[in-house]
Amino acid sequence: MRLSRYFLPTLKETPSDAQIVSHKLMLRAGLIKQEAAGIYAWLPLGLKVLKKIEQIVREEMNRAGAVEILMPTLQLADLWRESGRYDDYGQEMLRITDRHKRDLLYGPTAEEVVTDIFRAFVRSYRDLPMNLYNIQWKFRDEVRPRFGVMRGREFLMKDAYSFDIDEASARKAYNRMFVAYLNLFERMGLKAVPMRADTGPIGGDLSHEFIILADTGESQVFCHKDLVEMGAPGPDVDWDNLEGHVEKRTALYAATEEMHDQARFERETSTDQRLSARGIEVGHIFYFGEKYSRPMKAMITGPDGVERPAQMGSYGVGVSRLLGAIIEASHDDKGIIWPESVAPFDLALINLRPGDEACDAACEKAYAALQAAGRDVLYDETDDRPGAKFARTELVGIPWSMVVGPKGLAEGNVELRNRRTGETSTAAFDSVLDGLIKG
RNA sequence: CGGGGCGUAGCGCAGCCUGGUAGCGCAUCUGCUUUGGGAGCAGAGGGUCGCAAGUUCGAAUCUUGCCGCCCCGACCA
């Protein structure tokens with residue numbers, strides 16, 4: 001992409017509405033534009049990152065055996081009356097009436113819809129286990145939206161729903177999501193720690209929030225230090241036998257503020273193992289059994305010929321929130337530092353002197369070669385001054401920059417810069433180009 | 001939903017207390033110069049001061065109502 005033909009409205013000054021660093025940077029780097037409280041338009045660069053995050057989530061869901069569907073944003077109130085939640089949900093649910101005076105709502109979640117889909121087609125235990133997910137815009141009319149996309153009213157969420165014949169099988173479904181979450185957050189360069197969450201009236205031990213640690217996190221969290229550095233199991237696991245991976249990570253103490261038990265924390269960890277930090281919730285998995293399947297009559301016939309409600313669980317990832325969370329966890333005073341897996345461009349090609357024959361020729365050659373190699377390049381051929389180009393590239397957080405200037409080029413050299421480390425190396429044009437082409 | 005704050009050019013702000021021709025920086029446009037860390041000089045364009053009503057000879061400024069946005073708290077992916 002040639003920058004002069006792209007749409008990248010960066011801001012030198014921070015809009016006064018923004019308070020936390022990720023929100024400020026998202027506005028300054030031209031990722032989003034606020035349209036109303038908690039409602040944002042996604043500009044080209046923000047959209048690219050959003051799509052990359054979405055794709056990682058999709059790939060890891062598929063790997064874990066979930067199947068993608070797409071459910072509507074507008075839902076029938078009648079379904080929610082069946083589950084009993086229409087009246088329970090309160091003011092956070094945006095209620096809408098159509099021209100026929102039918103009560104609709106903009107879905108804040110999709111348990112009712114997915115249960116309705118399930119019960120329409122599935123009757124037998126032979127069709128189970130099943131896990132259906134979708135990545136869709138949700139709306140919760142928060143009283144007080146804040147922190148940019150971290151707590152908007154409209155947000156993109158991946159929500160998966162598992163259906164099983166019994167609790168033992170449901171537990172396996174839960175474990176698959178547990179491991180899938182560890183894997184997908186790691187792919188985004190995040191260290192996510194699963195923490196015991198409130199299971200509400202259902203009870204049991206099957207609910208975890210996935211928390212990433214960041215100084216500006218919304219809640220206080222407490223956990224065993226080792227959990228933070230424990231890597232994800234990775235894709236090559238036995239997806240039917242994940243108990244070991246899950247137990248290893250749930251054995252150590254980890255709790256959010258609401259679930260925290262200081263006495264137990266001190267009992268189960270030594271002083272030097274204790275970590276108390278701020279955290280951002282980026283995922284939540286939950287087993288809730290028959291909560292929806294029973295009132296909505298999503299019944300399954302088992303091998304014994306007996307009909308019983310499906311055992312269900314739901315698994316959410318805040319896709320749009322993740323942009324904010326990643327930035328909170330990865331930035332410096334110059335701007336965003338995108339992990340390569342979610343970066344909007346693989347690299348920036350900076351022409352320091354457009355109009356200079358040698359610079360133009362070298363840049364065009366590099367641009368063509370990199371594109372041919374499948375690299376997504378942002379080619380800065382604007383006539384801004386070098387300082388402005390560097391500052392902008394750093395602000396938007398592109399992982400690598402190839403800098404082509406007249407002085408270096410006279411020697412046949414160009415520069416390669418790493419956004420995260422700030423390291424700069426000068427080398428021959430061809431060798432830098434080869435290195436970037438090979439990745 | 002309780003408490004607080006703010007709406008003045010695209011962005012950041014001053015002016016308001018004490019009513020009298022709407023300003024500054026950045027950005028934008030033109031010209032010249034400049035070209036390895038958000039350039040310099042000269043010039044230009046851009047505002048029914050959130051909306052409405054009221055007070056007044058006269059309202060960005062005072063009064064009332066409404067709308068929007070932000071912050072703290074309670075609540076949530």
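Letters A, B, ... are given to chains in the order of the sequence lines, protein chains preceding strands, and every chain is numbered from 1. Since the model is a prediction, treat every value here as computed from it, not as a measurement. Note: hydrogens, waters and symmetry copies are ignored here, and every other heavy atom, side chains too, is used.
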Side chain of [X] only, heavy atoms from C-beta on: which candidate in [options] is closest?
X       : options                : result
R321(A) : G37(B), A77(B), C71(B) : A77(B)
E415(A) : A27(B), G36(B), C75(B) : G36(B)
S16(A)  : G38(B), G36(B), G12(B) : G12(B)
L395(A) : C70(B), A77(B), G38(B) : G38(B)
R417(A) : C72(B), C26(B), G36(B) : G36(B)
K407(A) : C1(B), G36(B), C76(B)  : G36(B)
R144(A) : A77(B), G36(B), A74(B) : A74(B)
R146(A) : C69(B), C26(B), A74(B) : A74(B)

Determine: side-chain N/O of [X] to OP1/OP2 of [N], distance under 4.0 Å, yes or no.
X       : N      : value
Q34(A)  : G68(B) : no
R385(A) : U35(B) : no
K389(A) : G37(B) : no

Residues K291(A) and E111(A) bridged, charged N to O under 4.0 Å: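 Judged by the 4.0 Å cut-off on N to carboxylate O distance, K291(A) and E111(A) do not form a salt bridge.
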Is R278(A) salt-bridged to D215(A), going by a charged N under 4.0 Å from an acidic O?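 No salt bridge links R278(A) with D215(A).
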Using the ring of each side chain (for Trp, its six-membered ring), is W42(A) parallel, tilted or perpendicular to W137(A), with breaks at 30° and 60°?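 W42(A) vs W137(A) ring planes: tilted.
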Return the stacking result for G38(B) and F390(A): yes when the ring centres lie under 5.5 Å apart and the planes under 30°, no otherwise.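 So no, this residue does not stack on that base, at least one cut-off failing.
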[X] near the nucleic acid: base, sugar-phosphate alone, or nothing, with a heavy-atom cut-off under 4.0 Å?
X       : answer
G152(A) : base
Q19(A)  : sugar-phosphate
T14(A)  : sugar-phosphate
A18(A)  : nothing
G316(A) : nothing
R140(A) : base

Please check: side-chain N/O of R28(A) versus main-chain N/O of L11(A), any donor-acceptor pairing under 3.5 Å?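 At least one qualifying donor-acceptor pair exists.
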Do R119(A) side-chain atoms and M296(A) backbone N/O form a donor-acceptor pair below 3.5 Å?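 Pair found, side chain donor or acceptor close to backbone of M296(A).
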Per the atom types in the model, does the base of G38(B) pair as donor or acceptor with the side chain of R28(A) at under 3.5 Å?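 In this structure, the two groups form a donor-acceptor pair.
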